[in-house]
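Since the structure comes first, as structure tokens, the remarks are kept for the end.
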Protein chains: 2
Amino acid sequence: MGITGKSERLSPTGPDCGERYGWGVDPAASSPTAAQSRVIVGALEVFARNGVGGTSLQMIADEIGVTKAALFYQYRSKQEIVLAAAESELARLDDVISAAETSASAGEAREVMIAGMVELAVERGRRMGTILSDPVIVGYFADHGGFRATMQRLRHVLIPDDHRPESAVRLAMVIAAVSGAVLHPFAAGLDDDTLRRELRRLTHAVLDAPD
Amino acid sequence: MGITGKSERLSPTGPDCGERYGWGVDPAASSPTAAQSRVIVGALEVFARNGVGGTSLQMIADEIGVTKAALFYQYRSKQEIVLAAAESELARLDDVISAAETSASAGEAREVMIAGMVELAVERGRRMGTILSDPVIVGYFADHGGFRATMQRLRHVLIPDDHRPESAVRLAMVIAAVSGAVLHPFAAGLDDDTLRRELRRLTHAVLDAPD
DNA sequence: GTCTATAGTGCGATAGAC
DNA sequence: GTCTATCGCACTATAGAC
């Protein structure tokens with residue numbers, strides 16, 4: 001057993017390893033079927049324990065009690081599974097943003113958003129944090145798909161009418177703080193209610209800090 | 001090429017995959033030799049791009065221009081390399097804490113600590129963030145080695161004389177916010193000076209928030 | 001829709017020449 | 001102290017029976 005799982009089998013293969021990632025076309029973010037959802041749920045569970053790169057298809061298959069071949073029936077590659085899992089977690093954030101946007105006022109929208117973000121972080125924990133902070137996933141989402149659009153909507157809800165570049169730091173910090181704090185061993189011992197309350201309170205402190 | 005690097009080779013091997021990690025004895029956190037330092041520097045670079053699990057020994061060897069066998073001369077396994085790299089980054093945080101602790105007053109110590117943390121985050125970026133947020137590394141450090149002691153010292157410098165459980169959330173949030181914000185694509189476009197200034201300012205906002 | 005069987009490749013790790 | 005060569009194994013992915 002090893003630090004990355006056991007005796008290791010972890011990296012890229014093929015002709016062009018390393019920094020380049022040929023993702024091909026965006027693997028259809030269309031809604032997963034029931035069987036695909038089972039794969040995604042199991043994959044997120046294993047990713048949370050082993051990291052994305054440290055997870056094999058066999059582990060995912062074992063987790064949900066099917067064979068590797070069954071995974072290939074639902075998805076054409078590990079890459080597609082990883083992407084589908086990441087997009088499924090990102091969709092949860094998107095749903096919270098959409099709910100906040102229907103609020104009557106900008107102030108209420110912000111409150112709904114903060115509560116929703118905190119709830120998501122506490123409820124999803126490592127399952128969301130691990131996949132969305134994976135360096136390869138971050139690199140992919142940084143310039144593909146709806147990620148940038150989602151972040152712009154989030155920015156508009158949390159920090160309305162502020163387009164100065166520095167306010168991007170405030171947004172990045174709030175996101176990192178909420179999603180990262182729950183992963184820290186220091187927060188592991190706390191009950192969820194205390195965690196929720198403190199996260200909401202301190203998120204307000206960052207967002208309300210004067211310029 | 002894949003989401004985790006290329007065509008994948010990523011996970012645990014052997015009889016007992018998954019949640020258990022037998023680390024054996026703590027792989028001597030003694031100071032690395034010059035050759036070992038070269039391995040660690042290269043490894044951190046590749047980890048930052050591919051994740052810990054997504055990095056093979058071949059990639060590390062290529063990064064520093066040696067063969068795989070040369071790595072095995074310096075370290076006995078991939079696990080030892082990963083641990084040494086993580087401990088080397090953690091040692092940088094330890095150094096900043098030690099510097100802060102020599103301050104004349106508690107207030108000055110906190111200022112030194114905040115500035116040092118922010119500097120570390122901006123300077124090290126993904127090289128520190130990726131390895132210290134890897135789920136397997138987090139799990140290992142959570143109950144081994146000097147990690148808990150380091151976190152207690154950090155807590156005492158940043159939030160003196162507050163031993164309530166909720167203040168752990170404040171600490172976890174500050175750590176996550178500072179180290180995580182620099183990894184976010186939103187912060188990627190900003191110049192380092194603006195980033196530093198905003199991070200210091202908002203860190204104060206969290207630490208100074210009334211109870 | 002799930003299976004077995006297998007192809008083909010790269011993995012971590014070791015042995016031993018230099 | 002770095003090399004070449006190699007072992008045995010787990011990996012992703014495919015083909016095709018049921």
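All chains are named by letter (A, B, ...) in the order of the sequence lines, taking the proteins before the strands, and each is independently numbered beginning at 1.
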Exercise for the section: Grab the CE-C1' distance between A/Met59 and D/dT12 for me, whole Å please. Expected result: 13 Å

Exercise for the section: State, to 0.1 Å, how close A/Pro185 and B/Phe147 come at their nearest heavy-atom pair, and which atoms those are. Expected result: CG-CE2, 3.9 Å

Handout entry: Atom-pair distance (CZ on A/Phe72; P on C/dT4), nearest Å
Key = 16 Å

Handout entry: Length of the line joining A/Ile81:CD1 and D/dA13:P, which is rounded to integer Å
Key = 8 Å

Completion exercise
A/Leu71 CG to C/dG1 P, in whole Å, measures 14 Å

Completion exercise
Considering only heavy side-chain atoms of B/Ala70, the closest of D/dT2, D/dT12, C/dC3 is D/dT2

Practice task
Nearest-nucleotide wise, let me know which of A/Gln74 and A/Lys68 is further upstream toward the 5' end of DNA chain C.
Solution key: A/Gln74

Practice task
State, without any angle test, whether B/Arg49 and B/Thr130 hold a side-chain donor-acceptor pair at a distance under 3.5 Å.
Solution key: no

Fill in the blank from the handout: Of the candidates D/dT2, C/dA13, D/dC11, the side chain of A/Ser56 sits closest to D/dC11

Problem - Nearest to side-chain heavy atoms of A/Ala69, which nucleotide of D/dA13, D/dT12, C/dT4 - result: C/dT4

Exercise for the section: Would you please confirm or rule out a distance under 4.0 Å between OP1 or OP2 of C/dT2 and any side-chain N or O of A/Thr67? Expected result: no

Handout entry: Among B/Leu44, B/Leu71, B/Val66, side-chain contact (heavy atoms from CB on, under 4.5 Å) partner for B/Val39
Key = B/Leu71

Fill in the blank from the handout: Rounded to whole Å, CD of B/Gln58 lies from P of D/dT6 at a distance of 16 Å

Handout entry: Side-chain N,O (A/Tyr73) to OP1/OP2 (C/dG1) below 4.0 Å
Key = yes

Fill in the blank from the handout: Rounded to whole Å, the CD-P distance (B/Glu80 to C/dT14) equals 11 Å

Practice task
Please lay out, stage by stage, how B/Ser98 and B/Asp95 fare under the test side chain to side chain donor-acceptor pair (under 3.5 Å).
Solution key: CA-CA 5 Å; B/Ser98 295; B/Asp95 290 344; 5.3 Å; no

Problem - Donor-acceptor contact present, side-chain B/Gln36 to main-chain B/Gln74, <3.5 Å - result: yes

Problem - Separation of C/dT9 P from A/Leu57 CG (nearest whole Å) - result: 18 Å

Problem - Length of the line joining B/Gln79:CD and C/dG12:C1', which is rounded to integer Å - result: 12 Å

